[in-house]
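Just so we're on the same page: letters track the sequence lines, and every chain starts at 1.
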There are 2 protein chains.
Amino acid sequence: MMASLNTLAVLAASLTAVSGQYYQRLGTCPTLGCVLPPDQQDFLPGQYFDLRLEVHAPVNGSEAFNNGVPDEKFTVTIAKEGGAAAEDVATFFKLDEPKLEKWTFKWYEDLYAEDAKQASVVNVASKIYRRLALYEPGKYTVTLNYYDGQKTTAEWVVRPLATEKKAKNIILFIGDGMTTNMITAARLLGHKTINGKYQSNLQLDHFPVIGHQMTHSIDTFITDSANSASALYSGHKSTVNAMGVYADSSPDIYDDPKVETIVELLKRIWGSAWGAVSTAFIADATPTALTAHTRSRGAYGPLIDQALNSVTNYTWTNHGGPDVYFGGGAEQFIAGSGSYQGKDYYQEFAKANYTVSWNKTALAAIPNEEKALGIFCRSNLPVWIDRNILPDNTKNLTNDPSGAKAAATDLPGLKDMTLKAIDVLHRRGGDKGFFLMSEAASIDKQMHALDYDRALGDLLELDDTVRATVAHLEAIGELESTLILVTADHGHGFDVFGGVDTQYLRDQKTDRERRKAVGVYQNSGLSNYQVEAPGVSYSTGPNFPVNWDPRYAIAAGFGANPDRRENYRLSPTPRTPATNTPGFSSADYFANGADAPDGFVVNGTLPTNEAQGVHSLTDVTIYAMGPCQETFGGTYSNIDVFYKMANCLGLARPDAGEGKACAKEKKQD
Amino acid sequence: MMASLNTLAVLAASLTAVSGQYYQRLGTCPTLGCVLPPDQQDFLPGQYFDLRLEVHAPVNGSEAFNNGVPDEKFTVTIAKEGGAAAEDVATFFKLDEPKLEKWTFKWYEDLYAEDAKQASVVNVASKIYRRLALYEPGKYTVTLNYYDGQKTTAEWVVRPLATEKKAKNIILFIGDGMTTNMITAARLLGHKTINGKYQSNLQLDHFPVIGHQMTHSIDTFITDSANSASALYSGHKSTVNAMGVYADSSPDIYDDPKVETIVELLKRIWGSAWGAVSTAFIADATPTALTAHTRSRGAYGPLIDQALNSVTNYTWTNHGGPDVYFGGGAEQFIAGSGSYQGKDYYQEFAKANYTVSWNKTALAAIPNEEKALGIFCRSNLPVWIDRNILPDNTKNLTNDPSGAKAAATDLPGLKDMTLKAIDVLHRRGGDKGFFLMSEAASIDKQMHALDYDRALGDLLELDDTVRATVAHLEAIGELESTLILVTADHGHGFDVFGGVDTQYLRDQKTDRERRKAVGVYQNSGLSNYQVEAPGVSYSTGPNFPVNWDPRYAIAAGFGANPDRRENYRLSPTPRTPATNTPGFSSADYFANGADAPDGFVVNGTLPTNEAQGVHSLTDVTIYAMGPCQETFGGTYSNIDVFYKMANCLGLARPDAGEGKACAKEKKQD
């Protein structure tokens with residue numbers, strides 16, 4: 001889900017701005033001298049990155065300094081602990097000194113300043129050193145000297161990691177926004193208990209190793225899916241909306257200092273196959289963060305070009321394009337306003353020798369030896385519940401991937417896409433193995449809409465896909481050689497707190513009386529989602545509910561929400577919890593009277609310009625099975641997931657020579 | 001926290017009644033023939049249990065049967081898979097046939113029936129076989145034959161578990177109500193990040209193995225702390241409010257079929273020392289479930305007698321009394337209405353050779369070789385925040401443990417109690433080792449009050465206690481021989497969703513305007529709880545906030561709540577979110593105008609007779625370190641925590657002879 005911006009935050013967000021809280025001048029730079037990557041960052045030996053220096057001169061506001069004139073004569077050195085004395089960065093990395101850049105940006109110091117329209121103006125002098133790498137593990141100190149005696153230092157650690165491969169393949173499943181609370185609720189709906197004992201379980205329940213990973217951003221404690229995906233894929237945390245870069249303060253959203261991602265490394269070093277599958281539009285953050293280098297996740301068209309052609313505005317690793325790329329989001333492929341430079345990206349992919357599929361039948365027929373693009377609709381794929389339980393909801397859409405004004409039909413689900421992706425990657429990767437990211441995107445998207453039934457449906461679809469993946473890997477002889485990971489990028493505050501007699505609720509006259517329908521503790525009852533109801537038959541097989549709308553339903557709630565209505569029943573159509581109201585600002589949301597009309601009103605705690613639920617702080621679980629599984633126990637940062645994967649794939653390079661030679665040898669396309 | 005009962009549920013709860021949902025006739029008995037323990041239960045080889053049979057004859061309602069006359073001629077058999085043919089239970093266990101019991105109970109079939117006051121009446125015929133044990137691992141089938149051809153079967157599994165001890169000691173920490181979401185929030189408050197990297201961590205973050213355990217009850221998906229503690233301690237799930245028994249439908253709350261608990265087993269088999277520490281009143285569910293056998297957790301006085309003297313109304317294992325018992329709850333010790341039979345339980349414990357302590361100084365002076373009772377106040381211990389940050393809140397209480405009308409002073413915290421408990425148990429257990437349960441009770445209690453600052457303070461106190469425990473075990477040479485577990489009994493729906501400018505919030509004029517103070521995603525900011533504020537100094541050391549009330553605070557919310565007010569600031573006194581309102585029923589709660597008076601109103605989703613927040617569904621984490629730690633990875637039921645501990649302690653007994661001989665040999669007192 002695109003992180004919905006407060007309108008009050010749009011200016012600050014576009015400038016990536018502060019020190020302190022709420023708004024920040026530049027989150028990674030509390031002083032006036034900025035080093036990006038900043039203090040406390042970790043690196044894989046041999047991983048490419050850019051180094052940006054900025055010197056800030058606030059013109060006004062509480063930080064006003066030097067009459068708004070930034071020091072243009074700043075210098076920067078680097079030293080390795082236990083090594084030689086600090087050297088100029090250009091000397092150390094044997095580079096020419098880059099040219100000086102200058103710009104100005106604005107931000108608000110706090111909400112009072114914003115209300116008063118008192119923007120703070122900052123002038124900046126900057127340089128950027130591009131495509132560096134540190135090969136020797138150890139601690140490094142980068143020192144920026146500016147304003148005649150000011151210093152900003154950054155301590156970096158290049159981790160000692162393995163150069164040998166332990167896993168041939170990695171499949172990384174991401175349940176976007178998926179928390180332990182949701183997994184518990186999905187189990188309750190999809191599986192049956194007798195006297196407290198589950199008679200079947202989630203596939204996730206069979207994973208031998210569990211870890212928890214912390215999802216926070218580099219500069220805020222709540223993340224979005226862009227920078228959290230980027231942390232998982234690159235080992236570097238970033239700022240909300242940023243992917244594959246440390247966000248700088250420059251006006252150009254494509255010039256921020258980059259870091260190399262797992263698929264770039266894997267292609268450069270081992271020449272492996274790689275791919276991405278998502279139930280979102282494929283230009284969404286979680287799939288594109290594999291290849292994206294921008295601080296603005298909303299640049300959808302350019303992101304698809306980066307996915308196909310790699311970074312083209314600077315010398316950078318060529319990831320060769322995905323071997324499989326399956327999802328929604330035809331908007332970025334149909335020639336027009338949504339596509340990069342208005343070009344037809346179906347054609348661009350076809351020119352690069354991709355087969356292009358628009359439906360499930362075509363997907364199944366893709367030859368495994370060819371690169372494959374599969375775009376099955378505009379926008380996100382309709383969710384599992386609408387595809388399987390309420391198919392009428394998919395029939396009146398105008399989402400045909402060809403661009404025709406028609407509904408996309410013959411839609412694949414996550415399982416169809418993932419199993420096909422494995423076949424293509426297995427064939428194309430051969431001995432070199434593969435990396436696949438498969439995302440259940442609408443767990444997050446439907447939780448944003450507070451439509452937890454649809455979110456849990458897609459969570460059960462993810463679990464079903466993982467189950468089928470284990471079976472399929474076993475069948476093709478790759479189970480032992482594949483590390484399977486299932487995790488999330490962040491959470492939503494959600495939990496089940498009781499059961500509810502939805503019929504009784506509907507029969508009451510006032511909102512307060514309706515609340516009496518909820519039973520807690522000993523009155524929560526047992527799941528009725530596994531109790532067959534007369535006349536209800538979905539034929540969706542084991543591991544899914546046999547009744548999605550029982551009289552006795554779960555009562556679930558959110559840690560934060562816009563004004564909304566609730567009746568605890570499966571919404572007949574996808575939910576829109578809050579809407580504009582005539583006579584009020586278009587950015588002022590109230591409970592949607594058409595949503596759960598027989599329910600009651602729950603007033604919100606979010607700013608009234610938020611129309612949806614938001615992400616939360618909680619650590620998320622990572623499940624591991626396969627080679628290196630034992631390294632995924634315990635609690636750690638989301639960036640550690642990258643380092644654990646990189647270690648298992650032997651992606652560390654001990655010296656430039658090998659790394660570069662390797663990159664040339666293995667370069668494809 | 002005592003699970004707050006809906007007034008509408010009191011009748012049903014007291015009768016433990018239904019089939020279906022919301023209200024249940026008897027949760028473990030959807031048919032008219034009940035076997036307790038019911039179908040799908042697991043057992044430790046040699047674990048004592050009672051077997052209750054009931055035949056129900058509903059007089060009226062949708063289940064009316066046989067004119068309300070229960071079959072008194074029912075029979076019951078048991079057979080082992082692969083063994084001899086089914087035998088009568090009395091024959092199989094070599095027992096006399098117990099006498100027939102008869103009673104009547106009432107329940108409501110649903111909320112409509114309750115509104116109409118149409119109770120369903122059920123007549124019951126029953127027998128109970130007491131103190132049985134199954135020694136041979138395998139599957140057993142118990143069959144109840146009744147009403148001339150009706151059958152209810154129960155499949156039981158006696159698990160094949162170890163008889164040898166792998167861990168000398170187990171320390172089981174329970175953060176009552178503690179979820180991953182809360183642990184993440186506590187880390188944010190107690191520890192500092194620089195550019196996304198924590199500079200220190202929770203002690204929990206250093207545990208090598210993580211598991212998830214499912215907390216649901218035997219007959220409802222939301223649990224309370226009584227039956228979830230009982231599941232952890234006995235390997236048998238039960239019903240809300242029940243401990244150490246399967247809840248039956250009889251009027252007597254002390255005659256329900258019992259199961260043997262870990263401390264009863266440990267004393268009987270190995271003669272180890274054991275103890276309990278809690279920040280709750282010590283008669284609360286989590287500590288007393290170690291020794292309690294009743295379906296009614298509210299029987300506080302009798303529960304303290306069971307803790308000292310074991311079960312006295314039936315022949316049962318004598319657990320010898322705790323070697324240490326530290327907490328609050330003087331009400332059950334001071335002679336009077338709160339104590340069992342009005343007796344002075346300080347004296348009862350003293351007569352049993354316990355030293356008795358009433359404050360931190362006396363606690364520290366307890367001789368390690370003697371049994372120790374420490375009761376430090378009436379009710380629950382004041383929480384960490386009130387003891388350490390806002391001590392005035394402890395001074396106007398009337399909670400002196402002696403019964404004097406004065407405030408308890410010189411209060412110990414969880415760390416003081418736990419470290420002393422370890423010293424006594426280590427000395428008294430000697431080579432036989434020990435089992436300690438240490439509970440951070442007010443994580444739950446303060447989450448019930450929606451007072452998340454106080455809850456997180458006690459969570460940080462728990463973490464600090466675990467840290468000190470690891471260091472202390474190392475110092476006394478017991479770290480390698482001790483399995484340390486940290487887990488919870490259930491959750492509360494809670495998460496942090498953003499940051500908030502509390503000053504801006506206070507300055508706004510309307511509730512909708514106040515919501516604008518919340519920043520989400522890129523405006524959530526960084527934790528200001530680790531930023532020193534002028535004039536603020538708590539001296540609470542590392543791993544706790546240096547400012548508990550920063551201008552930029554966390555914005556957190558609940559999955560369900562009564563009507564309440566919110567300003568996102570540390571409440572100067574413990575919170576009472578909802579209160580009665582003149583002119584309305586005393587069981588009709590509205591937001592408390594005195595709570596967060598400068599905040600805004602959040603209307604509730606809970607029944608309006610709930611004054612507090614409630615438990616939630618989520619699986620909870622278990623952290624493991626020490627012998628057998630590797631067996632705690634993955635996802636499993638709360639009862640599996642018992643079986644894993646029992647396996648590590650070698651509590652399985654392969655035959656009656658050894659078990660009984662052992663019990664006699666080791667019997668103490």
Contacting region of A/H216 [heavy-atom separation from chain B under 4.5 Å]: side chain

Proximal component of B/T193, with respect to chain A [non-hydrogen, under 4.5 Å]: side chain

Contact part of A/Y198 toward chain B, heavy-atom cut-off under 4.5 Å: side chain, backbone, both or neither? side chain

B/T179: what forms a side chain to side chain contact (heavy atoms under 4.5 Å, CB included) with it, not counting sequence neighbours? B/N181, B/M182, B/T618

Please classify the contact between B/R187 and chain A as side chain, backbone, both or neither, with a heavy-atom cut-off of under 4.5 Å. side chain

Atom group of B/F207 that falls short of 4.5 Å from chain A, counting heavy atoms: backbone

Which class fits the ring pair B/Y623 and A/H212: parallel under 30°, tilted 30 to 60°, perpendicular over 60°? perpendicular

Tell me, for B/Y504 versus chain A, whether the close heavy atoms (under 4.5 Å) come from the side chain, the backbone, both or neither. both

Go through the atoms of B/S217 and report whether side chain, backbone, both or neither lie under 4.5 Å from a heavy atom of chain A. backbone

State whether A/D115 and B/K516 are salt-bridged, where the test is any N-O pair (Lys NZ or Arg NE/NH1/NH2 against Asp/Glu carboxylate O) under 4.0 Å. yes

With a 4.5 angstrom heavy-atom cut-off, is it the side chain or the backbone of A/T621 that approaches chain B, or both, or neither? side chain

Angle class for the B/Y521/A/H615 ring planes (parallel below 30°, perpendicular above 60°, tilted otherwise)? perpendicular

So which part of A/Y112 gets closer than 4.5 Å to some heavy atom of chain B, the side chain, the backbone, both or neither? both

Among A/N195, A/L526, A/I194, side-chain contact (heavy atoms from CB on, under 4.5 Å) partner for B/I218: A/N195

Is chain A contacted by the side chain of B/T180, its backbone, both, or neither, given a heavy-atom distance below 4.5 Å? both

For B/Y568, which atoms come within 4.5 Å of any heavy atom of chain A: side chain, backbone, both, or neither? side chain

So for A/N227, is it side chain, backbone, both, or neither that comes closer than 4.5 Å to the heavy atoms of chain B? neither

With a 4.0 Å cut-off, would you call A/K197 and B/D39 a salt bridge? no

At a heavy-atom separation under 4.5 Å, does B/F600 approach chain A through its side chain, its backbone, both, or neither? side chain

Okay, A/P208 and chain B: the region with an atom under 4.5 Å from a heavy atom over there is backbone

B/R551 to A/Y22, cation-pi by 6.0 Å centre distance and 45° axis angle: no

B/D110, B/L202, B/D205, B/V531: which one forms the most heavy-atom pairs within less than 4.5 Å of chain A? B/D205

Which bit of A/N638 comes within less than 4.5 Å of chain B, counting heavy atoms only: side chain, backbone, both or neither? neither

Segment of A/N201 engaging chain B (4.5 angstrom heavy-atom cut-off): side chain

Looking only at heavy atoms, what is the nearest atom pair of B/Q199 and A/Q40, with distance? NE2-OE1, 3.0 Å

